[in-house]
Amino acid sequence: MIRFFSITCLLLLCLLGEVYAQKKIQQKIPEKTRILFVMDASGSMNAAWENNISRMDAAKSILTRLVDSLRSNENLEIALRVYGHRYPRNANNCQDSRLEVPFGAKNHNAIMEKIKSIRPLGTTPITYSITEAAKDFSTTAGYRNILILITDGIESCGGDPCAASIELQKRGVFLRPYIIGLGLKAGEALNCVGQFFNSESTEDFHQVLNKTIENSFLKTTVSVKLLDGARKPTVTNINVSFMNSMTGTAVYDFVHYLDRNGNPDTVSIDPVLGYDIVVNTLPATIRKNVRIINGRHNVIEIPATQGKLVIKQEARKDQATTVVREQGKQEILTTQIAGDEVDYLTGNYQLETITLPRRKYNVKIEEKKTTTITIPAPGLVNLNTIAIGYGDLYEILEGGEQVWVCSLSDKPIRQSYTLLPGTYKAVFRVRETTGSKYTGTRTFTLKSGETATVNIFN
């Protein structure tokens, strides 16, 4: 008995351990970080900025001190790429960009020495530098890659730095870049490259650069509260997607969860990115450019009031499919199989059954209520046409209107159609006849579950 109890306990503990492990599965932020500094050394960096100190000298001084201060972070690797420093401006060399110090352990001194030796000369190939930066980051897993671009000018080689940056972000080469402008008046043009900060003085530059590094490591968490019609966070078990607001790609996906006290999960997110949040209701609930404060826990409330829709078809095993649209919209929201119970956001919808003929229903979905639509059972009609020919089948509505249903096949002499109950008219002409006067018509009524035979020609 004792042995049986021990084995049972052991199995139970293993099962609980497996459940616990499953509970801990989550998209995590890598512990290690790589930061690539991309430094502008174009000729314009020689310009005086403050107290007769050039932009380049100010940038060198502040960046050198920052690099020196990063030695203590064991989970951080840094590298340095420079552009515009090898060829004079009149050479207009748009490939003047080089990785001067690659990523590596304890390379801080090498980066500091290289920074001191840089002399501004040439042009501003930002796009080329961003594209080449893709080769600078190793493909080793377990790292988050960050690019910090320091520049006093915009692209001067005709490239598209925005497209290049977004493409590399989509490929996961690096996260949303930081762009730090040095007195850059037209810096808004670089907003689409990443998160842009302008600095009007050396003190501004020092603060922005340090803040950029600090923000990259702030622990940031989010809880999403899905609100019902009373604005209480009772809605749950819906997939929530955190989307990169620049690239539109999914960064985190999780099925919403409430604990026994009604509290939602806490999710850790990368503070470098900007986010759109998509609650995958029907239709999806989207919040663009959600304001998230880095370094703290953020609670985001999103209304998600829902009701249920059930579509039934009488006496059918092969259930009909129904197209669902939002009222007034042409786009198909989803298709629903008869017999399924589906949640929709509260609101007005139009249903269109994929039957012969099609039926349309306007429905209103109300919170915590179930709306049921019943499609009548169809009947079966066998049409005898004597010979191969051409024709169409119409439904005759109560007011006498004639609505096209389908074309009659030009091959079999006996044709079978599954139709919803109603009144119909078949119009047909045999192929070999010599005039339209030989067209035959036959009106008939079909009931649910009925099998009828209709001879178009007596």
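Any value given below was found using the heavy atoms of this structure, including those in side chains, with hydrogens, waters and symmetry copies removed. Residue numbers start at 1 and run along the sequence shown.
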query: Any side-chain heavy-atom pair from Leu175 and Asn145 closer than 4.5 angstrom?
result: no
message: Minimum heavy-atom separation for Asp265 and Ser223, please, with both atom names.
response: O-OG, 2.9 Å
- prompt: Is a donor on one side and an acceptor on the other found under 3.5 Å between the side chain of Asn244 and the backbone of Met246?
  reply: yes
message: Treating Asn298 as the side-chain partner and Ile293 as the backbone partner, does any N or O pair qualify as donor plus acceptor under 3.5 Å?
response: yes
- request: Measure the shortest side-chain to side-chain distance between Ile180 and Ile148 over non-hydrogen atoms and say whether it is less than 4.5 angstrom.
  value: yes
task: Kindly determine whether Val222 and Thr266 satisfy side chain to side chain contact (heavy atoms under 4.5 Å, CB included), including the steps that lead there.
output: CA-CA 6 Å; Val222 175; Thr266 292; over 6 Å; no
- line: dist Glu155:CD -> Thr123:OG1 (nearest 0.5 Å) comes out at 7.5 Å
- request: Output every pair passing salt bridge (Lys or Arg N to Asp or Glu O under 4.0 Å) with a member in residues 231-250, not counting sequence neighbours, ordered by first then second residue.
  value: Arg231-Glu301
task: Quick one: list whatever passes disulfide bond (SG atoms under 2.5 Å apart) with Cys192, sequence neighbours left out.
output: Cys162
message: Please check this pair: side chain of Asn239 against backbone of Asn280, looking for a donor-acceptor N/O pair closer than 3.5 Å.
response: no
- request: Rounded to the nearest 0.5 Å, what's the gap from CD1 on Ile78 to CD1 on Ile35? Could you check?
  value: 8.0 Å
field: From CA spacing to verdict: ring-ring contact (aromatic ring centres under 6.0 Å, His included), Phe196, Tyr178
entry: CA-CA 6 Å; Phe196 175 77; Tyr178 293 111; over 10 Å; no
task: Using the side chain to side chain contact (heavy atoms under 4.5 Å, CB included) rule, take Leu147 and Phe37 through it: C-alpha gap first, then chi angles, then the decisive distance, then the call.
output: CA-CA 6 Å; Leu147 186 150; Phe37 294 101; over 6 Å; no
message: Return the CD to OG1 distance between Gln336 and Thr322, rounded to the nearest 0.5 Å.
response: 7.0 Å
message: Regarding Thr305 and Asp228, do their side chains bring together a donor and an acceptor under 3.5 Å, going by distance alone?
response: no
field: Residue pair Lys106, Glu74: steps toward the salt bridge (charged side-chain N to carboxylate O under 4.0 Å, His left out) verdict
entry: CA-CA 9 Å; Lys106 299 179 180 180; Glu74 296 181 354; over 6 Å; no
message: Apply salt bridge (charged side-chain N to carboxylate O under 4.0 Å, His left out) to residues Asp270 and Arg144 and explain how you reach the verdict.
response: CA-CA 9 Å; Asp270 199 310; Arg144 51 203 286 267; 2.6 Å; yes
query: Any Lys/Arg nitrogen of Lys116 or Glu113 sitting under 4.0 Å from an Asp/Glu carboxylate oxygen of the other?
result: yes
field: Any donor-acceptor N or O pair under 3.5 Å, side chains Asp276, Ser245
entry: no
message: Would you say CG of Asn52 has more than 12 non-hydrogen atoms from neighbouring residues, nucleotides or ligands within 6.0 angstrom?
response: no
- request: Apply side-chain hydrogen bond (donor to acceptor under 3.5 Å, both in side chains) to Glu77 and Tyr143, showing your working.
  value: CA-CA 10 Å; Glu77 291 184 12; Tyr143 284 85; 3.0 Å; yes
query: Roughly how far, to the nearest 0.5 Å, is CG of Leu345 from CD of Glu326?
result: 8.0 Å
statement: Nearest heavy-atom contact between Val193 and Ile130 is CG1-CD1, 3.8 Å
message: Less than 4.5 Å apart, side chain to side chain, heavy atoms only: is that true for Val272 and Asn215?
response: no
message: Working note: Glu132 + Lys135, criterion salt bridge (charged side-chain N to carboxylate O under 4.0 Å, His left out); need CA distance, chi angles, decisive distance, verdict.
response: CA-CA 6 Å; Glu132 288 297 293; Lys135 305 172 187 175; 3.1 Å; yes
query: Is a side-chain donor or acceptor of Gln313 paired with a backbone partner of Ala320 at a separation under 3.5 angstrom?
result: yes
- prompt: Under the salt bridge (Lys or Arg N to Asp or Glu O under 4.0 Å) rule, what pairs show up with a residue in residues 85-99, not counting sequence neighbours?
  reply: Arg86-Asp96, Arg98-Glu100
message: For Leu168 versus Ala134, what's the shortest heavy-atom pair and its separation?
response: CD2-CB, 3.7 Å
query: Val267 versus Thr221: any side-chain heavy-atom pair under 4.5 Å?
result: no
query: Given Glu367 and Thr346, is the side-chain hydrogen bond (donor to acceptor under 3.5 Å, both in side chains) satisfied, shown in steps?
result: CA-CA 6 Å; Glu367 185 180 12; Thr346 55; over 6 Å; no
query: Any donor-acceptor pair under 3.5 Å linking the side chain of Asn263 with the backbone of Asp259?
result: no
- request: State, yes or no, whether a side-chain contact exists between Leu351 and Val363 at a heavy-atom distance under 4.5 Å.
  value: yes
query: Using a distance-only test with no angle check, is there a side-chain donor-acceptor pair under 3.5 angstrom linking Ser407 and Asp392?
result: yes
- prompt: Can you check whether Lys364's main-chain N or O pairs, donor with acceptor, with Asn348's side chain at less than 3.5 Å?
  reply: no
query: Asn46 and Ser54: side-chain donor and acceptor closer than 3.5 Å?
result: no
field: Distance-only side-chain donor-acceptor flag, Thr151 / Asp40, under 3.5 Å
entry: yes
query: Would you say His297's side chain and Thr220's backbone share a donor-acceptor pair under 3.5 angstrom?
result: no
message: Using a 3.5 Å distance criterion without hydrogens, assess whether the side chain of Thr281 forms a donor-acceptor pair with backbone atoms of Pro283.
response: yes
task: Mind listing the closest non-hydrogen atom pair of Ala59 and Leu182 along with its distance?
output: CB-CD1, 4.2 Å
- request: Report yes if some heavy atom in the side chain of Leu393 is under 4.5 Å from a heavy atom in the side chain of Trp404; otherwise report no.
  value: no
query: Minimum heavy-atom separation for Pro125 to Cys94, with atom names?
result: CB-O, 3.4 Å
- request: Begin from the C-alpha positions of Gln95 and Tyr83 and carry the test side-chain hydrogen bond (donor to acceptor under 3.5 Å, both in side chains) through to its verdict.
  value: CA-CA 8 Å; Gln95 294 184 343; Tyr83 64 79; over 6 Å; no
query: How many angstroms lie between CG in Asn51 and OG1 in Thr202, if you round to the nearest 0.5 Å?
result: 7.0 Å
field: Pairing of Asp136 and Arg81 as salt bridge, 4.0 angstrom limit
entry: yes
- prompt: How many angstroms lie between CZ in Arg65 and CG in Leu209, if you round to the nearest 0.5 Å?
  reply: 10.0 Å
field: Side-chain donor/acceptor of Ser69 to backbone N/O of Leu66, under 3.5 Å
entry: yes
query: Got Val310 and Thr371 here, is their nearest side-chain heavy-atom distance under 4.5 Å?
result: no
Criterion side-chain hydrogen bond (donor to acceptor under 3.5 Å, both in side chains) on Gln350 and Arg325, from CA distance to verdict: CA-CA 5 Å; Gln350 185 182 76; Arg325 297 179 174 90; 4.7 Å; no
- request: For residues Tyr344 and Ile365, report the shortest heavy-atom separation together with the two atoms involved.
  value: O-CG2, 3.8 Å
message: Parallel, tilted or perpendicular: which one describes the rings of Phe242 and Tyr275, with boundaries at 30° and 60°?
response: perpendicular
Any donor-acceptor pair under 3.5 Å from Ser42 side chain to Gly84 backbone: no
